[in-house]
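Lettering of chains follows the sequences in order, A, B, ..., and the numbering in each one begins at 1. Side-chain atoms are counted along with the backbone in the values below, which use heavy atoms only and exclude waters and symmetry mates.
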Amino acid sequence: MIIMSNDSLFLEPTRDVARALLGCVLFRVTEHGRVAGRIVETEAYVDDDPANHASRGKTKRNASMFGPPGHAYVYRIHQVFCLNIVTRPEGVGEAVLIRAVEPTEGLDIMAARRKTDKPRLLASGPGRLCQAFDIDKSLDGMPLDGDGLGLYRADQPVTQIVTRPRVGISRGVDKPLRFYIADNEYISKR
DNA sequence: GTATCGATGATCT
DNA sequence: GATCATCGATACC
């Protein structure tokens, strides 16, 4: 079952959304075909959170974080892109960063984009994921409604969730807002 | 206008 | 484990 961008899931507290997205399947359809993967690692970026791009108000870059829930916030960091899903009622500025998926469909397409055959290197990391899924700034602000980019609800709830501090940030480092499926091969390291 | 700094990844040791 | 590629948004003057 597809999770539409207006699903009430996105109105739950953002850390709960981050946990609920584990086990869901992210998919993308382009002219190259269809790719999909099971979400195995997420991070929550919340209100009153110095690591959150939205924490210092709305700017041109983070504008879609203040847009409707269930839509994408895509930004560039260094030379790569990262995909977030906006949560909460419009205007709050919270989101979930999708950090890693376990590839399930279209591995050959991902391998071509990533220039590697190793399944573990296809989408284990936010930048790798975006490269494998052909996600760039043009998807910033777009709904995840299954037209090009979409989500399937998890077949079964994920029970073994590990909670840790977030990765790669310099502020808000103490907050335990990174979540991943225990013992999964496809989480990003560090 | 100019400087700085990342929610990263690849590569080398 | 360390370095650096590379670029745009943001901060600062």
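Within a 6.0 Å radius of NZ in A:Lys137, other residues, nucleotides and ligands contribute more than 12 heavy atoms.
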Scoring nucleotides 1-7 of chain B by protein non-hydrogen atoms under 4.0 Å (B base, S sugar-phosphate only, - none) yields -----BB
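Atom-to-atom, CD of A:Gln131 to P of C:dA5 comes out at 18 Å; the value is rounded to the nearest Å. Atom P of nucleotide B:dT11 and atom NZ of A:Lys118 are separated by 10 Å, given to the nearest angstrom. Rounded to whole Å, the distance from NZ on A:Lys115 to C1' on B:dT11 is 17 Å. As a whole-Å value, the separation of A:Phe81 CZ from C:dC7 P is 10 Å.
In this entry B:dA7 has no Watson-Crick or G-U wobble partner, no candidate having both defining distances under 3.5 Å.
Considering only side-chain atoms of A:Gln79, the nucleotide from B:dT8, C:dT10, B:dA10 that sits closest is B:dT8.
Geometrically, A:Arg28 does not engage A:Phe133 in a cation-pi contact, judged by NZ or CZ lying under 6.0 Å from the ring centre and within 45° of the ring axis.
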For A:Tyr45 and A:His53, run ring-ring contact (aromatic ring centres under 6.0 Å, His included): C-alpha distance rounded to whole Å, both residues' side-chain angles, the deciding distance at 0.1 Å, then the answer.
-> CA-CA 8 Å; A:Tyr45 287 84; A:His53 288 173; 7.3 Å; no
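In this structure, A:Phe81 has its ring center no closer than 6.0 Å to that of A:Tyr75.
Partner A:Glu43 forms a salt bridge (charged side-chain N to carboxylate O under 4.0 Å, His left out) with one of A:Arg19, A:Arg164, A:Arg99, A:Arg15 and no other, that one being A:Arg99.
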